[in-house]
Each structure stands twice: as structure tokens, then as C-alpha cells.
A.B. asks: 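Here it is, the structure in full.
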Amino acid sequence: MVRGKPEGVVVHETANPSSTIYNEISYMKRNYNNAFVHSFVDASHIINIANTNYLAWGVGYPGNARFIQFEQIEVHSKSAFAREVNNAAWYTASLLKQYNLKPNDAAYDGKGTVWSHKSVAKHLGGSSHTDPDGYYASAGKKYFGQKYTMAAFYQLTKKYYKSLTTKSHVKLTTATYKSVDKQAKLSSKYSKYYLYNHVKGANKNAKRLKWSKISPQVGKTYYIDMTAKKKSTKTTWYRIKPSKNSSKRYWVYSKVLTGIKNVPTETVSATNAAITPSADSSSTASSSASTSSSSASN
């Protein structure tokens, strides 16, 4: 590829169901002579490892010299697959914007800017791979009841491309997520911050929401089912629920909450029940004792 002038973006998939994004990056760094791409994407990360101004080698000749290329990691839940596909589409759109390329699906005539590895193999040769079509189809069927396709991915890419401007390209930070079972109270400082649908800066779809969605009240208890630690700022975020059994979840910055602690375990104490008989049982016991005493006298 002419330095800094790619002709489009190739979407890959690793075909490794048991790997992670960091394992794949490590493996590729060790084996870069065999294959090499510019970036990796999963449900929570978009990690660039090579300068996109220069070629990669993941699709053979002549595609290697023409396109930016990135790999998607296989994920294993409905929400993770949805987030990954959105991350990949947003990343594709942002690359097109960065290099002043317009979205054009290459699947039909081999002359576009958005390519799957399968499309490269079909129209340009150099490879026999068909990713990410198989992964998209199986994951879509498994999690959403119907196959997901590159055609749908292209439409999603166009949607993100339309929403982007040259000045709005934002590099997302990575975040480490962890499931928890905690509770906390709303701090008096909450109004200085915002409520979000995703972790701000770690997800391209993160949007501010109105506090009215959780009926804010200082000192009110909210339940936490997940934490996120942002790598760039070292800050902690919490995913909260308005009530313990609520299906509604929102993300807040840590300073919005106070008194964070584990949710108490619910237990049923049998101690009092064992030593404090009911009125009926007391009466029965007394009657039995009386009868026993009478029999002994006789």
C-alpha cells in the first residue's frame, strides 16, 4: 500500500473460540512473519498494535498492499457479541473517515472499501479463508435467533460513518470489568456528575442519561452488579440498579456513591423457633407432662 493511503478495511475473525484478545496479540507478535494485522477488537476493547499507514499481511497478495486489517476475537454471550460487532463497525467507520474513504460494500463487485476476508479471497485471491462470515452466522443464530451477516455489518458501519465527523474521532480507553454483588447509597455529590448507559470513554455508545431514570435521592440505597476500572484514568465505575431485582442498569462514576459494601446474605434464624414454642405446642407439652405425672402416681 502507498504509505498512508489504504484503499479500504478488511474485517477478520480469529477462529479460536478459547482465546482472549491479549493472547491473540501475544501470539501474533511472536509469529508476525506468518501473519500480521493492524488491530484487534472484542466486546470491550479496540487495540491497535501497528501503524495503519503501512501494510499488514493477513490476506495475501494483492490485498496485503491495499488494506488496513483487523481481527475480531470470538466472544461467548449475547451482550458481548452485540458490543463486539458495534465496536468493529465503529472502528471500521472511523478508519474510513480518517483516510477520507467513503463506505462501499466490496462483497458484490470487489471494488469497495469495506471487505470481509471472504470477499478478498473471492474477488482478489491470495487466500481461501471465509471469515468472519461463519462466526457472524453462528453467533447471530445462537444469541439472536437469526444469522448475522456482513451485509448487516456494512449497514451498521454506514450508520457510524454518518454520525462521525473528522474532528470527532475519539480513541477509546480500555476497561476491566468485574461482576459483584454490592450496595451503596447515593452521595450528596451525585448531581455534579452524570448517569450513563455505558462507561464513559470506554464504549463508543456511551451517552448521558437523565437522573430521573433512577429517582435520585441522597442516601437512598442502590445495588451494584458490576464494576469497571478504566486503564487510562485509573478511575472506577459502577453499574447500578434502582432496586435489587430491577432489570434496569446504569453506569456511574465512583464518587456518585458512598458507603459501598457487600449485599448482606439473607439467612433464616432457627434459634428462636427452637427455644420458643408456640402457644399450641406449649399447651400440648403441658398436657403431656400432666398425663405422664398422673400415670406415675397410679
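Being a predicted model, the structure only gives us computed values, none of them experimental. The first residue in the sequence is number 1, and the count goes up from there.
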A.B. asks: Stepwise, does the side chain to side chain donor-acceptor pair (under 3.5 Å) test hold for Asn87 with Lys204?
C.D. replies: CA-CA 7 Å; Asn87 283 345; Lys204 65 195 169 304; 2.6 Å; yes
A.B. asks: In terms of heavy-atom contacts, does CZ of Phe144 have more than 12 from other residues, nucleotides or ligands at under 6.0 Å?
C.D. replies: yes
A.B. asks: Could you report the tightest heavy-atom contact between Asp109 and Lys111, atom names first, then the distance?
C.D. replies: OD1-N, 3.0 Å
A.B. asks: Quick one, Arg239 with Tyr250, criterion side chain to side chain donor-acceptor pair (under 3.5 Å). Give me CA distance, side-chain angles, the key distance, then yes/no.
C.D. replies: CA-CA 5 Å; Arg239 190 170 73 173; Tyr250 307 97; over 6 Å; no
A.B. asks: Is atom OH of Tyr194 surrounded by more than 12 heavy atoms (other residues, nucleotides or ligands) closer than 6.0 Å?
C.D. replies: no
A.B. asks: Check whether any side-chain heavy atom of Lys200 lies under 4.5 Å from a side-chain heavy atom of Trp237, and answer yes or no.
C.D. replies: yes
A.B. asks: Is there side-chain contact between Lys147 and Tyr136, with heavy atoms separated by less than 4.5 Å?
C.D. replies: no
A.B. asks: Does Tyr161 have Lys97 sitting over its ring (NZ/CZ under 6.0 Å from centre, angle to axis within 45°)?
C.D. replies: yes
A.B. asks: Do His198 and Asn205 pass the side chain to side chain donor-acceptor pair (under 3.5 Å) test, and can you show the C-alpha distance, the side-chain angles, and the key distance before you say yes or no?
C.D. replies: CA-CA 7 Å; His198 296 288; Asn205 296 317; 5.0 Å; no
A.B. asks: Check for me, please, whether Tyr108 and Phe153 land in the same ILVMFWY cluster - side-chain distances under 4.5 Å, paths through other members count.
C.D. replies: no
A.B. asks: Apply side chain to side chain donor-acceptor pair (under 3.5 Å) to Tyr99 and Asn53, showing your working.
C.D. replies: CA-CA 9 Å; Tyr99 289 100; Asn53 286 330; 2.8 Å; yes
A.B. asks: Taking atom NZ as the centre, does Lys241 end up with more than 12 heavy-atom neighbours from other residues, nucleotides or ligands that are less than 6.0 angstrom away?
C.D. replies: yes
A.B. asks: For the CD atom of Glu74 and the CD atom of Glu71, what is their distance to the nearest 0.5 Å?
C.D. replies: 10.5 Å
A.B. asks: Using the rule ring-ring contact (aromatic ring centres under 6.0 Å, His included), only one of Tyr91, Phe40, Trp115, Trp90 pairs with Phe70; which is it?
C.D. replies: Tyr91
A.B. asks: Would you check if there is a donor-acceptor pair between the side chains of Asn245 and Tyr223 at a distance under 3.5 Å?
C.D. replies: no
A.B. asks: Answer yes or no: are there more than 12 heavy-atom neighbours, outside Lys230 itself, under 6.0 Å from its atom NZ?
C.D. replies: yes
A.B. asks: Relative to the ring of His129, is the ring of His117 parallel (under 30°), tilted (30 to 60°) or perpendicular (over 60°)?
C.D. replies: tilted
A.B. asks: Evaluate Tyr238 against Met226 for side chain to side chain contact (heavy atoms under 4.5 Å, CB included), listing each step before the verdict.
C.D. replies: CA-CA 6 Å; Tyr238 296 102; Met226 186 171 287; over 6 Å; no
A.B. asks: Angle between ring planes, Trp251 versus Tyr177, binned at 30° and 60°: parallel, tilted or perpendicular?
C.D. replies: perpendicular
A.B. asks: Classify the angle between the aromatic ring planes of Trp211 and Tyr190 as parallel (below 30°), tilted (30 to 60°) or perpendicular (above 60°).
C.D. replies: perpendicular
A.B. asks: Treating Ile, Leu, Val, Met, Phe, Trp and Tyr as nodes and any side-chain heavy-atom pair under 4.5 angstrom as an edge, say whether Tyr61 and Trp57 lie in one connected cluster.
C.D. replies: no
A.B. asks: So if you build clusters from Ile, Leu, Val, Met, Phe, Trp, Tyr with side-chain heavy-atom gaps below 4.5 Å, do Phe36 and Tyr27 land together?
C.D. replies: no
